[in-house]
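Let me begin by presenting the structure, written as structure tokens, before commenting on it.
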Amino acid sequence: MMNAGAALLYQGMVNGKAILGLHDECTRRWHTVTARFAGEPDNFDAAVEQQHYANFELWHEEDKARLPGAQDFQIASVKRAIDKLNQRRNDFMELCDRLALEDLAKRNLPRPDAPLHSESLGLMIDRLSILSLKLYHTQQEIDRPNAPIGHAQRNRERLAILAEQRADLADALDSLWADILAGRRRFKLYRQLKMYNEPSLNPLIYNTPKH
């Protein structure tokens, strides 16, 4: 679990730098120590951490699906796991939005007449989470022993691009939050409403005769 002193939503301010630090620290730690959580998150910081863990698990589960020589039953099992993890990823994304909006509501924010930002806070945090994983695994490729000639340099170039993109996104997140507090912008909780995990919404399931 994250350090209680590294608050991501502190005194009404979302801390983009703290989110990056949490993502990177957890990414490193989870590659050596299995994550343990005491139930579902009930605050913004815990929701961000568990949302990142859903992406962490999803990343490595998708690697299994691309394993050369994987048999059909193995790929089917991985696909089912990916569907469940994607659902958790989206559930936690929405939870980040809901908890942030609850905090804003205490100050009668966001202003309902402010221009609507097309991307919610949770969606931006999800993108930052994925970028943390990309940065970690790109660095692994740079450090990979016996890699082909030029492999490390190509990945150094990728790393620089990813780092710049993540810094830009973190700045954009902080800017969005500042604008929300000033009444200049707002965001809404957008439900993902995934259909693939709901049998009653899948025609291939509900139109298949039961035996």
Side-chain angles (χ1 to χ4, degrees), residues 1-3 6-9 14-67 75 77-100 118-142 155 158-159 161-174 176-177 187 189-197:
M1 296 296 291
M2 68 172 294
N3 186 330
L8 309 182
L9 183 57
V14 168
N15 189 330
K17 185 175 289 186
I19 290 173
L20 300 191
L22 172 68
H23 282 164
D24 287 348
E25 190 277 325
C26 287
T27 299
R28 289 190 295 270
R29 174 160 44 87
W30 292 337
H31 276 93
T32 57
V33 179
T34 302
R36 294 283 186 268
F37 298 105
E40 295 298 295
D42 59 359
N43 60 75
F44 183 80
D45 293 27
V48 170
E49 183 175 10
Q50 291 201 39
Q51 199 278 334
H52 184 50
Y53 188 62
N55 273 324
F56 178 89
E57 287 193 296
L58 188 58
W59 178 287
H60 295 93
E61 201 67 31
E62 287 176 340
D63 279 349
K64 296 177 186 177
R66 303 182 184 99
L67 190 65
I75 293 174
S77 176
V78 167
K79 176 65 172 69
R80 292 189 183 95
I82 286 172
D83 283 351
K84 291 179 181 177
L85 288 169
N86 248 325
Q87 188 67 61
R88 285 184 63 78
R89 167 197 178 190
N90 283 281
D91 288 347
F92 287 139
M93 213 188 307
E94 291 178 14
L95 181 58
C96 288
D97 283 334
R98 181 169 63 78
L99 292 169
S118 63
E119 190 176 35
S120 77
L121 192 73
L123 286 166
M124 297 175 81
I125 289 170
D126 178 64
R127 290 171 59 198
L128 290 171
S129 166
I130 294 168
L131 282 163
S132 173
L133 292 165
K134 286 183 177 181
L135 284 163
Y136 179 89
H137 289 281
T138 300
Q139 185 63 55
Q140 277 194 323
E141 292 304 312
I142 293 171
N155 280 283
R158 286 170 55 90
L159 191 75
I161 293 169
L162 290 167
E164 180 181 0
Q165 290 175 345
R166 189 173 71 150
D168 288 347
L169 181 56
D171 287 344
L173 184 147
D174 286 341
L176 171 62
W177 192 258
F187 74 94
L189 191 160
Y190 283 108
R191 302 296 306 279
Q192 300 297 314
L193 299 176
K194 297 292 186 182
M195 300 178 71
Y196 50 73
N197 284 323

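Computed from a predicted structure; not experimentally measured.
Annotation: the span from Asn155 atom CG to Thr138 atom OG1 amounts to 6.0 Å, rounded to 0.5 Å. Remark: Asn55 CG to Asn86 CG distance equals 8.5 Å, nearest 0.5 Å. Taking CG of Asp91 as the start and CG of Leu85 as the end, the distance is 11.5 Å to the nearest 0.5 Å. Between the CG atom of Asn90 and the CG atom of Leu123 there is a distance of 8.5 Å, given to the nearest 0.5 Å. The structure places NZ of Lys79 at 10.0 Å from CD of Glu62, a figure rounded to the nearest 0.5 Å. Residue Tyr136 holds its OH atom at 12.5 Å from SG of Cys26, rounded to the nearest 0.5 Å.
The aromatic rings of Phe37 and Trp30 sit perpendicular to each other, their planes meeting at more than 60°, with 30° as the lower class boundary.
The two atoms that bring Asp126 and Gln51 nearest to each other are OD1-NE2, 2.7 Å, heavy atoms only. In terms of heavy atoms, Leu22 sits closest to Asp45 at CD2-O, 4.4 Å. In terms of heavy atoms, Ala163 sits closest to Leu135 at N-CD2, 3.7 Å. Nearest approach of Asp97 to Leu121, heavy atoms of both residues: OD1-N, 3.3 Å. Across all non-hydrogen atoms, the minimal contact from Ala47 to Phe92 is O-CB, 4.2 Å. For Asn15 against Asp174, the heavy-atom pair with the smallest separation is C-OD1, 4.0 Å.
Of the candidates Arg166, Lys17, Arg29, Asp24 forms a salt bridge (Lys or Arg N to Asp or Glu O under 4.0 Å) with just one, namely Arg166.
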Evaluate the side chain to side chain contact (heavy atoms under 4.5 Å, CB included) criterion for residues Val48 and His23: first the C-alpha distance (whole Å), next the side-chain angles of each, then the deciding distance (0.1 Å), finally the verdict. CA-CA 9 Å; Val48 170; His23 282 164; 4.0 Å; yes

Starting from the C-alpha separation in whole Å, work towards a yes-or-no answer on side chain to side chain contact (heavy atoms under 4.5 Å, CB included) for Glu141 and His137. CA-CA 6 Å; Glu141 292 304 312; His137 289 281; 6.0 Å; no

Please report the C-alpha distance between Val14 and Leu176 in whole Å, then the side-chain angles of each, then the deciding distance to 0.1 Å, and finally whether the side chain to side chain contact (heavy atoms under 4.5 Å, CB included) criterion is met. CA-CA 10 Å; Val14 168; Leu176 171 62; over 6 Å; no

Asp83/Gln87 under side chain to side chain donor-acceptor pair (under 3.5 Å): CA gap, chis, key distance, verdict: CA-CA 6 Å; Asp83 283 351; Gln87 188 67 61; over 6 Å; no

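For Glu94 and Arg98, the salt-bridge test fails: no basic side-chain N is under 4.0 Å from an acidic carboxylate O. For Glu119 and Arg127, the salt-bridge test passes: some basic side-chain N is under 4.0 Å from an acidic carboxylate O.
Taking the centre of each ring, His31 and Phe56 come in below the 6.0 Å mark.
Residues Gln139 and Leu162 are not in side-chain contact: their nearest non-hydrogen atoms beyond the backbone lie 4.5 Å or more apart.
No hydrogens or angles considered: nothing links the side chains of His52 and Glu49 as a donor-acceptor pair under 3.5 Å.
Judged purely by atom type and a 3.5 angstrom limit, Ser129 has no side-chain atom pairing as donor or acceptor with the backbone of Ile125.
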